[in-house]
Amino acid sequence: MMFDEHNEITDPILVRLRNLDKLREKGIEPYKKKFVRTHLISEVRKDYENIEPGTETGVRVSCAGRILALRTHGKATFADLKDGSQKIQLFASLNQLGEEEYELFTNLDIGDIIGVEGTVFKTRKGELSIKLEKFEILSKSLRPLPEKWHGLKDVEIRFRQRYVDLIMNEDVKQVFYTRSRIISLIRKFLDEKGFIEVDTPMLHPIPGGATARPFITHHNALDMDLYLRIAPELYLKRLVVGGFEKVYELNRNFRNEGISVKHNPEFTMLELYQAYADYLDMMDLIEELVTYVVQEVKGTLEFEYQGIRLNFNRPWRRLTMVEAIKEIACENVSFETDIETLRQVAKKYGADVKPYYGKGKLITEIFEKAVESKIAGPMIIYDYPVEVSPLARKKEDNPDVVERFEVIVAGREIVNAFSELNDPIDQAKRFYEQVKLAEAGEEETQRFDYDYVRALEYGLPPTGGAGLGIDRLVMLLTDRYSIREVLLFPHLRPEEPEEDPVIERAKNDDEIR
RNA sequence: GGGCCGUUAGCUCAGCUGGCAGAGCAUCGGACUUUUAAUCCGAGGGUCGGAGGUUCGACUCCUCCACGGCUCACCA
């Protein structure tokens with residue numbers, strides 16, 4: 001019900017629409033195009049935070065921001081103003097503003113965006129404030145903000161209307177400042193090492209570079225299906241063939257898989273490739289990169305993630321997959337173990353063992369089910385089975401495994417890296433093995449990419465490559481349990497449009513016109 | 001996709017074994033020139049997520065649906 005028995009408007013949006021109308025009746029335009037401010041609120045705070053209570057600086061400043069609280073006391077009113085940098089108290093008095101302006105100020109709604117001009121002073125209670133001389137409504141807010149004390153907690157509203165979450169929850173805003181910082185630190189680190197950032201296609205005719213189900217889309221003019229990329233890997237290595245010896249791409253991948261606390265359909269990856277390097281060089285580079293970022297962001301290399309103690313001091317512990325299984329799960333398995341035993345062990349840990357799984361896949365299953373989640377880390381797990389690594393170079397003294405490693409932190413993979421397979425004949429064989437697996441019924445396999453093999457035929461220098469999951473790194477450094485907390489707009493099902501009095505108003509205006 | 005849990009005023013939440021729908025904040029009206037979760041007086045505000053069903057009677061029990069959370073599976 002939007003009207004009560006006295007025919008008063010009770011719907012909060014209608015109340016605010018009425019307030020908007022009142023402003024327009026007074027000839028005040030509530031949506032301005034520009035406001036020149038002299039100070040960010042943080043600058044005012046920085047310059048005058050230390051003045052004594054009761055001090056009038058006489059210094060004039062103009063600031064702008066959103067009203068988050070209003071405390072009226074008859075002929076004087078306090079308000080909290082928040083801009084992108086900080087919050088400050090405003091003091092408005094009838095004396096200073098005059099009757100008309102003062103009434104306008106007390107009738108502001110919480111959430112309104114205003115520009116102010118006044119002098120800096122500190123109240124007797126020691127609150128740094130701006131004594132208003134002038135103010136201007138810059139944007140009228142038509143929707144009530146959540147309650148000031150409990151704030152916004154409803155997770156669904158927080159994600160659907162992230163803008164409200166960001167207004168209300170400073171810690172959420174900090175997560176995204178940190179995210180931005182992490183990304184720019186990574187770019188800075190790689191740029192200084194002589195890497196160049198490149199943009200390769202997001203629309204792939206063949207989804208490659210990873211094992212995952214792709215999103216399919218369609219190009220109308222060419223009448224062809226295209227896939228949103230699942231990884232940029234094959235394009236980046238083509239660039240190494242072309243002579244870019246240090247390249248990286250830091251951008252989105254798309255995978256048509258389940259959504260969970262660790263998975264979003266689109267997520268951000270860093271992939272980097274360095275010519276004339278191998279996976280051991282990648283271990284060093286990744287250790288250096290990650291410890292640099294951790295130190296810059298956390299100020300220390302030892303911290304807790306969700307109660308798990310992490311220690312990023314170098315060198316990180318390095319174990320082969322088989323060693324890790326032995327040490328952490330106390331299972332003595334290897335490529336020497338007969339396949340039936342491997343199957344039994346894998347099943348024991350809950351793996352869904354398919355008949356066509358070879359020893360390598362079974363060992364990987366055992367590692368993932370029995371070991372991975374128990375590692376605090378960071379720990380480097382290396383010597384991955386060739387069976388699960390179709391793009392990595394085989395180890396010279398052991399053809400069962402490849403020169404590949406993953407970095408595990410808090411039970412999760414955050415880095416995957418290897419010496420790139422640069423033998424075109426071997427690569428073609430691996431693609432054929434993937435095709436055979438697909439025929440055997442494996443749902444997720446890599447597709448045969450003829451042009452990629454052709455590129456290798458020209459000669460890919462020995463190359464080391466690595467991929468780093470940015471979202472997961474951000475989760476670690478911001479201590480967030482869910483990936484949604486580090487994505488500004490995590491994927492959600494569409495909602496039913498709610499009734500919106502503002503849109504109703506717009507429709508009615510149209511009818512009048 | 002499976003399992004478990006949740007959805008009550010603008011927000012945060014109560015609401016017992018089925019019996020008149022509640023609080024705080026916000027809003028509206030009034031008082032108040034140093035408050036800061038301002039205070040004081042007064043008032044209004046609900047399709048109890050949606051649709052069915054059981055019942056004399058459903059926020060409460062049952063079924064289905066929607067959305068969300070956690071979890072398992074696929075995956076990073």
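Chain letters run A, B, ... following the sequence lines, proteins first, then strands; residues in each count from 1. The figures here come from the full heavy-atom set of this structure, side chains too, leaving out hydrogens, waters and symmetry mates. Every value quoted in this text rests on a predicted model; they were computed, and no experiment measured them.
Residue pairs meeting the ring pair (Phe, Tyr, Trp, His ring centres under 6.0 Å) criterion with at least one partner in residues 69-93 of chain A, sequence neighbours excluded, are A:H73-A:F78, A:F78-A:F91, A:F91-A:F121. Sorted by first and then second residue, the salt bridge (charged side-chain N to carboxylate O under 4.0 Å, His left out) pairs involving residues 261-270 of chain A (not counting sequence neighbours) are A:R252-A:E266. Residue pairs meeting the ring pair (Phe, Tyr, Trp, His ring centres under 6.0 Å) criterion with at least one partner in residues 357-385 of chain A, sequence neighbours excluded, do not occur; the list is empty. Evaluation of the salt bridge (charged side-chain N to carboxylate O under 4.0 Å, His left out) test over residues 374-392 of chain A, restricted to residues two or more places apart or in two chains, returns A:D383-A:K395.
If you find the closest nucleotide of RNA chain B to A:I157 and to A:N19, the one lying nearer the 5' end belongs to A:I157.
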Please list, pair by pair, any protein nitrogen or oxygen found under 3.5 Å from a nitrogen or oxygen in nucleotides 1-5 of chain B.
none

Just the atom pairs and distances: protein N or O near nucleotides 21-23 of chain B's N or O, under 3.5 Å.
none

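Distances shown here put every side-chain N or O of A:K153 at or beyond 4.0 Å from the OP1 or OP2 atom of B:C11. Note on A:R484: a side-chain N or O is less than 4.0 Å away from OP1 or OP2 of B:G69. OP1 or OP2 of B:G68 sits under 4.0 Å from a side-chain N or O of A:R160. Between A:K148 and B:G10 there is no side-chain polar atom (N or O) within less than 4.0 angstrom of OP1 or OP2.
Within 4.0 Å (heavy atoms only), A:G469 reaches no atom of the nucleic acid at all. Using a 4.0 Å heavy-atom cutoff across all strands shown, A:G467 reaches no nucleic acid atom at all. At a threshold of 4.0 angstrom between heavy atoms, the contacts of A:N95 include nucleobase atoms, whether or not backbone atoms are also involved. Among the heavy atoms of the strands, none lies under 4.0 Å from A:S129. Residue A:K369 is in sugar-phosphate contact alone, with no base atom involved, counting any heavy-atom pair closer than 4.0 Å across all strands shown.
The shortest heavy-atom contact between A:P385 and A:T364 is CG-OG1, 3.3 Å. Scanning both residues, A:I13 and A:D11, for their nearest heavy atoms gives N-OD1, 2.9 Å. Taking both residues in full, the closest heavy atoms of A:D471 and A:F267 are given as OD2-CB, 3.2 Å, listed atom of the first, atom of the second, then distance.
The CD1-C1' distance, from A:I110 to B:A38, rounds to 13 Å in whole Å. If you measure from atom NZ of A:K262 to atom C1' of B:G69, you get 16 Å, rounded to the nearest angstrom. When the P atom of B:A37 is taken as reference, atom NE2 of A:H150 falls 14 Å away, rounded to whole Å. The distance between atom CG of A:L152 and atom P of B:G68, rounded to the nearest whole Å, is 16 Å.
Counting non-hydrogen atoms of other residues, nucleotides and ligands closer than 6.0 Å to NZ of A:K87 gives a total of 12 or fewer. A:E49 CD: more than 12 foreign heavy atoms inside a 6.0 Å radius.
In RNA chain B, runs of at least 3 consecutive Watson-Crick or G-U pairs, each pair with both distances below 3.5 Å, span B:1-7 with B:66-72, B:10-13 with B:22-25, B:27-31 with B:39-43, B:49-53 with B:61-65.
Of the N and O atoms on the side chains of A:S129 and A:Q89, at least one donor lies less than 3.5 Å from an acceptor on the other residue.
No salt bridge links A:R493 with A:E156; every basic N to acidic carboxylate O contact stays at or beyond 4.0 Å.
In this structure, the aromatic ring of A:W149 is not positioned over the six-membered ring of the base of B:G24 within 5.5 Å between centres and 30° between planes.
The side chain of A:P144 approaches B:G10 more closely than any other nucleotide in the set B:U33, B:G10, B:U12. Comparing B:A76, B:C28, B:U33 by their closest approach to the side chain of A:R18 singles out B:C28. Distances were taken from every side-chain heavy atom of A:L492 (C-beta onward) to each of B:C28, B:G68, B:U34; the shortest belongs to B:G68. In this structure, the nucleotide among B:U34, B:A76, B:A38 sitting nearest to the side chain of A:E413 is B:A76.
Taking A:F448 as the reference, A:F431, A:Y432, A:Y450 meet the ring-ring contact (aromatic ring centres under 6.0 Å, His included) condition, with sequence neighbours excluded. In terms of the side chain to side chain contact (heavy atoms under 4.5 Å, CB included) criterion, residue partners of A:L23 (sequence neighbours excluded) are, by chain and number, A:I28, A:P30, A:L104, A:I137, A:K140. For the ring-ring contact (aromatic ring centres under 6.0 Å, His included) test, residues two or more places apart in sequence or in another chain that qualify with A:F135 are A:F105. Residues forming a side-chain hydrogen bond (donor to acceptor under 3.5 Å, both in side chains) with A:D154 (at least two apart in sequence, or on another chain): none.
Applying the 3.5 Å distance criterion, the base of B:G24 shares a donor-acceptor pair with the side chain of A:E147.
A heavy atom lying under 4.0 Å from RNA chain B marks the following residues of residues 250-257 of chain A, by number: A:R255, A:E257.
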